[in-house]
Amino acid sequence: METTLSNGLKITKASSSRINEVDFENINFGKIFTDHMFACHYSDGKWQQPEIVPYGPIQLDPSARVFHYGQAVFEGMKAYKDANGDTFLFRPDENFYRINKSAERLAMPDFPKEYFDAGLEELLKLDNKWIKPGMGNSLYIRPFVIATEASVMASESNAYTFYIICSPAQSYYGGEVDVLIADFFSRSASGGIGYAKAAGNYAAQFYPTNLAKEKGYDQIIWTDSSSHKYVEEAGTMNIFFRINDTLLTAPISERILDGITRKSILDLAKKENFKIDVRNIEVAEIIEAAENGSLKEVFGAGTAAVISVIKGIGFKDKHFKVPVLADGYAQHFKKSLTDIQYNLSEDPFNWRVKI
Ligand SMILES: *Cc1c(COP(=O)(O)O)cnc(C)c1O
């Protein structure tokens with residue numbers, strides 16, 4: 001059955017729902033998807049009619065440029081449900097602006113905001129039952145754009161598709177992690193695509209991360225590509241350090257992804273008068289702080305886990321333990337953020353958007 005809404009969005013509903021096949025108590029993150037997806041094709045120099053269709057495989061020519069030249073960008077965001085059954089997004093405009101910023105860097109066309117807003121809203125209404133209430137439950141939303149033009153010519157594509165797919169998620173608690181400071185490999189370089197959420201940035205991370213895993217680490221702390229003297233990110237998260245009572249993080253640059261969790265933590269910290277220092281952070285000063293006991297906490301920040309506590313840091317052949325505090329800054333900011341996301345507290349910055 002097809003309908004076209006007044007905003008031009010065409011909807012084809014799935015003939016039946018798969019929701020009863022899902023064990024919501026035991027969700028394997030990122031493997032299950034809801035009944036519908038959003039798709040909008042770009043051709044002849046413009047975005048065509050946006051659609052919502054049943055979730056399922058897509059057909060692409062084997063020469064589609066995304067397979068050969070990696071022209072692909074994505075986003076990661078979440079929808080949350082409160083005890084009354086109301087659904088909320090957290091700063092969705094930030095994800096919209098960022099996917100277009102990423103797309104621009106990969107020579108892909110700008111996506112219209114009206115299509116994104118309408119598509120996301122309708123998708124979340126259609127598949128609303130897939131969003132379970134309760135702290136930790138959420139719907140992970142993955143917008144992405146791929147180059148679909150059939151051609152192995154090495155230049156940007158003339159055809160693209162913008163998709164949004166959704167996957168139910170449970171509270172993601174991987175335990176505290178041990179991270180190795182990069183002294184050879186890099187995630188991104190000056191003048192490169194590090195600030196973009198580009199698929200290739202992830203592909204480039206897997207191999208060095210596997211080498212770190214062989215040494216017993218969970219993730220890598222990325223450092224600047226030219227000198228490896230400055231700390232930049234932790235795995236696929238932004239990184240925070242607490243030295244004595246000061247919260248430190250590196251400034252956003254062309255090599256660092258401008259995380260929404262990172263900037264939300266900084267806004268909360270400012271409002272609550274924490275001591276904050278946003279500046280280039282030397283590996284040497286972190287090692288020194290770990291040795292003299294002034295390094296009180298280290299954590300990563302990103303949408304998937306909100307905050308991931310770091311319990312140890314490796315540098316060259318040395319390992320340093322980092323305290324894991326039951327009532328530290330990490331727990332404090334995690335609670336403040338999730339309380340806002342689940343509509344359990346005031347929202348002084350108007351970050352919540354009700355669907
Ligand atoms: C997505 C991502 C982050 C976190 O961004 P959020 O907006 O907080 O989810 C941090 N670093 C990298 C490299 C990322 O890809």
Side-chain angles (χ1 to χ4, degrees), residues 1-22 24 27 30-44 46-60 64 66 72-81 85-100 102-103 108-133 137-148 157 159-169 197 199 303 353-355:
M1 197 192 62
E2 278 180 22
T3 44
T4 301
L5 306 184
S6 57
N7 56 25
L9 183 64
K10 185 172 138 193
I11 299 177
T12 309
K13 283 195 188 165
S15 53
S16 62
S17 176
R18 286 178 280 101
I19 196 166
N20 292 328
E21 297 163 21
V22 179
F24 280 89
I27 286 185
K31 295 216 174 182
I32 295 165
F33 295 89
T34 63
D35 292 321
H36 299 90
M37 63 182 187
F38 171 87
C40 186
H41 304 293
Y42 179 92
S43 58
D44 302 325
K46 64 173 203 288
W47 291 100
Q48 306 293 327
Q49 183 180 35
E51 284 189 86
I52 287 176
V53 293
Y55 182 89
I58 56 174
Q59 210 171 23
L60 286 174
V66 61
V73 296
F74 69 96
E75 267 304 321
M77 54 200 294
K78 279 180 174 175
Y80 311 88
K81 196 172 266 181
D86 288 325
T87 302
F88 300 91
L89 291 167
F90 183 72
R91 311 186 74 178
D93 287 358
E94 296 287 335
N95 297 97
F96 171 76
Y97 295 124
R98 193 168 65 190
I99 201 166
N100 275 340
S102 300
M108 302 164 100
D110 222 46
F111 194 65
K113 188 158 192 304
E114 346 39 292
Y115 287 6
F116 179 79
D117 289 349
L120 192 53
E121 187 176 333
E122 276 314 309
L123 197 55
L124 294 182
K125 282 183 181 165
L126 269 178
D127 288 343
N128 200 266
K129 287 202 178 79
W130 292 78
I131 314 171
K132 299 295 176 192
N137 296 323
S138 65
L139 188 71
Y140 184 79
I141 303 167
R142 167 55 60 87
F144 64 105
V145 198
I146 53 170
T148 55
S157 180
Y160 298 90
T161 306
F162 190 113
Y163 289 103
I164 305 176
I165 57 175
C166 302
S167 177
K197 249 180 146 62
T303 297
V353 174
K354 192 172 161 180
I355 292 296

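Values below: all heavy atoms of this structure, side chains included; hydrogens, waters and symmetry mates excluded.
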Task: Under 3.5 Å: donor-acceptor pair, side chain of Thr148, backbone of Ala159 - done: yes
TODO: May I ask you to test the Ile11-Val53 pair for a side-chain heavy-atom distance under 4.5 Å?
DONE: no
Open item on the list: Let me confirm one number: the CD-OG1 distance from Glu51 to Thr12, rounded to the nearest 0.5 Å.
Closed with: 5.5 Å
Task: Cationic N near anionic O, under 4.0 Å, Glu75 to Arg98 - done: yes
Open item on the list: Tell me the closest heavy-atom pair linking Ile146 and Ala72, and the distance in Å.
Closed with: CG2-CB, 4.1 Å
Open item on the list: A side-chain contact here means heavy atoms from C-beta on lying under 4.5 Å apart; do Ser157 and Tyr42 qualify?
Closed with: no
TODO: Check step by step if side chain to side chain contact (heavy atoms under 4.5 Å, CB included) holds for Tyr160 and His41.
DONE: CA-CA 6 Å; Tyr160 298 90; His41 304 293; over 6 Å; no
Open item on the list: With heavy-atom distances below 4.5 Å as the criterion, would you say the side chains of Ile164 and Met37 are in contact?
Closed with: no
TODO: Evaluate the ring planes of Phe162 and Phe116, with Trp represented by its six-membered ring, and classify them as parallel (under 30°), tilted (30 to 60°) or perpendicular (over 60°).
DONE: perpendicular
Open item on the list: If you define the side chain from C-beta out and look only at heavy atoms, does anything of Thr4 sit under 4.5 Å from Gln49?
Closed with: yes
Task: Tyr115 and Trp47 aromatic centres sub-6.0 Å - done: no
- [ ] From the options Ile165, Val73, Val66, select the one residue that forms a side-chain contact (heavy atoms from CB on, under 4.5 Å) with Phe144.
- [x] Ile165
- [ ] Given side chain to side chain contact (heavy atoms under 4.5 Å, CB included), test Ser102 with Phe74 step by step and report yes or no.
- [x] CA-CA 8 Å; Ser102 300; Phe74 69 96; over 6 Å; no
Open item on the list: For a quick test of reading the model, state the closest non-hydrogen atom pair linking Val353 to Pro92 and the distance between them.
Closed with: CG2-CD, 3.6 Å
Task: Minimum heavy-atom distance between Ala14 and His36, given as atom pair plus value - done: N-NE2, 2.9 Å
Task: Interatomic spacing from NZ in Lys81 to CG in Leu124 - rounded to 0.5 Å - done: 9.5 Å
- [ ] Could you grab the distance from atom NZ of Lys125 to atom CG of Leu120, nearest 0.5 Å is fine?
- [x] 11.0 Å
- [ ] For the residue pair Cys166 and Trp130, establish whether any side-chain heavy-atom pair is separated by less than 4.5 Å.
- [x] no
- [ ] For side chain to side chain contact (heavy atoms under 4.5 Å, CB included), just list the numbers for Lys13 and Leu126, CA-CA rounded to whole Å, side-chain angles, deciding distance to a tenth of an Å, and then say yes or no.
- [x] CA-CA 9 Å; Lys13 283 195 188 165; Leu126 269 178; 3.5 Å; yes
Open item on the list: Measuring only between side-chain heavy atoms, which start at C-beta, is Leu9 closer than 4.5 Å to Ile52?
Closed with: yes
Open item on the list: Ring of Phe24, cation from Lys132 - is the NZ or CZ under 6.0 Å from the centre and inside 45° of the axis?
Closed with: yes
Open item on the list: Could you measure the distance from the OG1 atom of Thr87 to the CG atom of Asn128? Nearest 0.5 Å is fine.
Closed with: 4.0 Å
Open item on the list: Please report the interatomic distance CG(Asp35) to CZ(Arg18), rounded to the nearest 0.5 Å.
Closed with: 5.0 Å
- [ ] Evaluate the side-chain proximity of Lys46 to Pro109: yes if any heavy-atom separation is below 4.5 Å, no if none is.
- [x] no
Task: Point-to-point distance, once rounded to the nearest 0.5 Å, from CZ of Arg91 to OG1 of Thr303 - done: 10.5 Å
Task: Any donor-acceptor pair under 3.5 Å from Asp127 side chain to Thr34 backbone - done: no
Task: Check: Gln48 side chain, Cys40 main-chain N or O, donor-acceptor pair, under 3.5 Å - done: no
Task: Backbone of Ile19 reached by a side-chain donor or acceptor of Ser17 within 3.5 Å - done: yes
TODO: Kindly give the heavy-atom pair with the smallest separation between Tyr140 and Gly76, and that separation in Å.
DONE: OH-CA, 3.2 Å
Task: Distance-only polar pair, side chains of Lys113 and Asn100, donor-acceptor under 3.5 Å - done: no
Open item on the list: Between Ser167 and Lys31, is there a side-chain heavy-atom distance shorter than 4.5 Å?
Closed with: no
